[in-house]
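Heavy-atom basis, side chains included; hydrogens, waters and symmetry copies ignored. Proteins come first, then strands; the chains are lettered A, B, ... in the order of their sequence lines, and each starts at number 1.
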Amino acid sequence: MVLQDLGRRINAAVNDLTRSSNLDEKAFDAMLKEIGNALISSDVNVKLVATLRASIKRIVNFNDQSPGVNKKRLIQKAVFDELVKLVDPHAEPFKPKKGKSNVIMFVGLQGSGKTTTCTKLARWYQARGFKACLVCADTFRAGAFDQLKQNATKAKIPYYGSHTQTDPVVVAREGVEKFKKERFEIIIVDTSGRHRQEKDLFDEMVQIQQAVTPDQTIMVLDASIGQAAEAQSRAFKETADFGAIVITKTDGAAQGGGAISAVAATHTPIIFIGTGEHMLDLERFAPQPFVSKLLGMGDVAGLVEH
Amino acid sequence: IGGLFRNVVGGKTLTKEDLEKPLKGMEDHLLKKNVAREAAVRLCDSVERDLIGLKTNSFTTIESTLRTAMERALTKILTPTSSLDLLREISTVTSTNRPYVLSIVGVNGVGKSTNLSKIAFFLLQNHHRVLIAAADTFRSGAVEQLRVHVRNLKELSKREGGEVDIFEKGYGKDAANIAADAVTFAKENKYDVVLIDTAGRRHNDARLMSSLEKFAKLAKPDKILMVGEALVGSDAVAQARNFNNSFGAGRGLDGFVISKCDTVGDMVGTLVSMVHATGIPVVFLGVGQHYADLRGLNVGSVCRLLMS
Ligand SMILES: Nc1nc2c(ncn2[C@@H]2O[C@H](COP(=O)(O)OP(=O)(O)OP(=O)(O)O)[C@@H](O)[C@H]2O)c(=O)[nH]1
Ligand SMILES: Nc1nc2c(ncn2[C@@H]2O[C@H](COP(=O)(O)OP(=O)(O)OP(=O)(O)O)[C@@H](O)[C@H]2O)c(=O)[nH]1
Ligand SMILES: [Mg+2]
Ligand SMILES: [Mg+2]
């Protein structure tokens, strides 16, 4: 599960420190170091970890505390707040409205889980009373349309795509126009995997986006991504200005710190996490409950006024 | 002058204290290259052991001594200890009148089916008769994906030589049985090589991982390659270990294909993490989405990327 080990290690580090009889600066630095190592082992961006350590250090300001201050609470709160900051960009994601056409476009690296998540999301909205459908604008990957078609059929969701048209911009435009006419409320557009090193692929993404003018663009990130997450997600942000992130494969053993670093790098909220290969394996994501759970509800949650 | 020469410690015997800071810098450097922390720490420890007590050459800084030692350590772990000549292995096996069986495993979405198709293309260029077995009977579109690849490869093989077909039994069937049937079919029909695609699976899913043991027993692959993707971070270590341990006693992985190397620039640490975890060599690198985007490992250039 995402960040589970991280939570355990951070908790242990904070508890060890706050429980120890001599809460001195050396022990505090050791705690910071352990938190840093735990974050890095979870794939949080190396530079981000350095920043986070520095801010905890600054906030706690170990040497400059009057005797009355409850150091334990101060340290716990600082750690909690910094972790929340890591996953909570304070940006409101788009909320689809019933009775109008909401176009949602998926983008992301190759194999991150876009096509699978498209169907999950369509089904999620369908179950909440939206009229939802899928458009396959991946004309590159072998079998991409069959994959979407089979998933959509299983979930009983209308879909659009082509086995012969090779231009994804054309398919995307036609599909979205058709479904808009038919008054679908959630129109989800799946696109090919791409990466920042190939300019043509990024240009294509822009053209699809211009053709379908999505109300929301979602970037899908694999929970196992490592240090490349920052550069890739930044590049997608600059080019496609996505407004939300979905992290997939959180049922794996990866800690998800790379994908979470993308939140900090792009100031974009995570809205869902994928928890398996099946249609229903999708969960809503909210940052504060997530971090509270991560660090054990107990006394930490009580510290935060939200 | 002081600034220029401060670090020059030619002829100095290195101590643990001298190395502490530069080693921490080296560890951070490797982490930024996407080497898993476990692997980075082990590499730094081994370099530290090599260097303590060593006398530096004149006009050589600790940093450059360390750098050279790290390059050496990386070269050592990445250089395969046995030959990786796939074509020769194939001809050894086919000369005994049976097909060479190669299967591909790995977690979800890493590039198994695509890189299997690239390997097929490479074999076609060498005029082999290849059978591709669609043993991913789970993921939507997996069979059609291979059908498209085989159709494209047939078209290409008109020019390149060789022959390629697909062996498929649709969805829902047991993968190990399909793989075994494909091997039998290939033997009867004089194919040189069977390439078996498998479904992606999480390495922490005990049920899916345990089915690999039956798979290895029934299909008896000559070679099992795991695809690991260059984008993956620390999870690479456990991925490699768990797949390597999933085929039952006496059977492990034979090599890695590191895919999507074109998406990470110089952050090629994943391959270090996977080799560190298992001692198993990297056989191929995937460097793009087209059939020709497959390379052998060039240890020198990987080391240069890692040290840049
Ligand atoms: N375990 C697990 N597997 C997932 C999850 N989401 C997707 N997958 C698997 O990941 C693999 C890749 O998923 P796709 O949906 O094909 O990925 P994609 O981003 O559309 O891939 P491209 O179109 O090739 O870029 C498939 O095997 C999916 O079954 C998840 O949440 N958990
Ligand atoms: N850039 C790049 N993309 C790659 C490479 N290898 C594979 N891909 C892409 O990664 C995506 C997933 O590839 P697949 O071959 O379907 O992956 P898989 O491991 O078979 O996926 P599942 O069967 O769903 O587990 C596709 O979009 C491929 O084009 C590579 O070396 N570089
Ligand atoms: Mg897709
Ligand atoms: Mg596949």
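- Contact annotation for Q110(A): both backbone and side-chain heavy atoms come within less than 4.5 Å of a heavy atom of chain B.
- Proximity to chain B (any heavy atom under 4.5 Å) is restricted, for K154(A), to the side chain, taken from C-beta onward.
- For CD of Q165(A), the number of neighbouring non-hydrogen atoms (other residues, nucleotides, ligands) closer than 6.0 Å is greater than 12.
- Contacts of K260(B) with chain A are made by side-chain atoms alone, with heavy-atom separations under 4.5 Å and no backbone atom involved.
- At a 4.5 Å heavy-atom cutoff, F145(A) makes no contact with chain B through either its backbone or its side chain.
- Only the side chain of H290(B) comes within less than 4.5 Å of a heavy atom in chain A; its backbone stays farther off.
- Counting heavy-atom pairs closer than 4.5 Å to chain A, the top-ranked of the candidates G233(B), S140(B), G265(B), A142(B) is S140(B).
- Nearest heavy-atom pair, G226(A) versus N34(B), reported as atom, atom and distance to 0.1 Å: CA-OD1, 3.5 Å.
- Atom CG of L221(A) and atom CG of L231(B) lie 10.0 Å apart (nearest 0.5 Å).
- With a 4.5 Å cut-off on non-hydrogen atoms, L109(A) touches chain B through its side chain but not through its backbone.
- The CD1 atom of I225(A) sits 7.5 Å away from atom CD of E229(B), with the distance rounded to the nearest 0.5 Å.
- The distance from the CG atom of D235(B) to the OG atom of S42(A) is 11.0 Å, given to the nearest 0.5 Å.
- The heavy-atom pair separating S41(A) from S234(B) by the smallest distance is O-OG, 3.1 Å.
- Only the side chain of H278(A) comes within contact range of chain B, with at least one heavy atom under 4.5 Å from a heavy atom of that chain.
- Taking CD of E277(A) as the start and CG of N108(B) as the end, the distance is 4.0 Å to the nearest 0.5 Å.
- When all heavy atoms are compared, the tightest approach of Q197(A) to T263(B) is NE2-O, 3.1 Å.
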**Message:** Could you go through R139(B) and Q147(A), starting from their C-alpha distance and side-chain angles, then the distance that decides it, and tell me whether this counts as side chain to side chain contact (heavy atoms under 4.5 Å, CB included)?
**Reply:** CA-CA 8 Å; R139(B) 206 211 68 216; Q147(A) 181 184 6; 3.6 Å; yes
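- At a 4.5 Å heavy-atom cutoff, the contact between L201(A) and chain B is made by side-chain atoms alone.
- Judged by distance alone, with hydrogens and angles left aside, the side-chain atoms of N204(B) form a donor-acceptor pair with the main-chain N or O of D251(A) at under 3.5 Å.
- Residue R141(A) touches chain B through its side chain alone, counting heavy-atom pairs closer than 4.5 Å.
- Using modelled atom types and a 3.5 Å distance limit, the side chains of Q150(A) and E144(B) yield a donor-acceptor pair.
- The parts of N37(A) that come within reach of chain B are both its backbone and its side chain, each placing non-hydrogen atoms under 4.5 angstrom from that chain.
- Rounded to the nearest 0.5 angstrom, Q232(A) CD and M267(B) CE are separated by 9.0 Å.
- G109(B) and K249(A) get closest at one heavy-atom pair: CA-NZ, 4.1 Å.
- The contact between Q289(B) and chain A is made by backbone and side chain atoms together, counting heavy-atom distances below 4.5 Å.
- Remark: L30(B) CG to Q227(A) CD distance equals 11.5 Å, nearest 0.5 Å.
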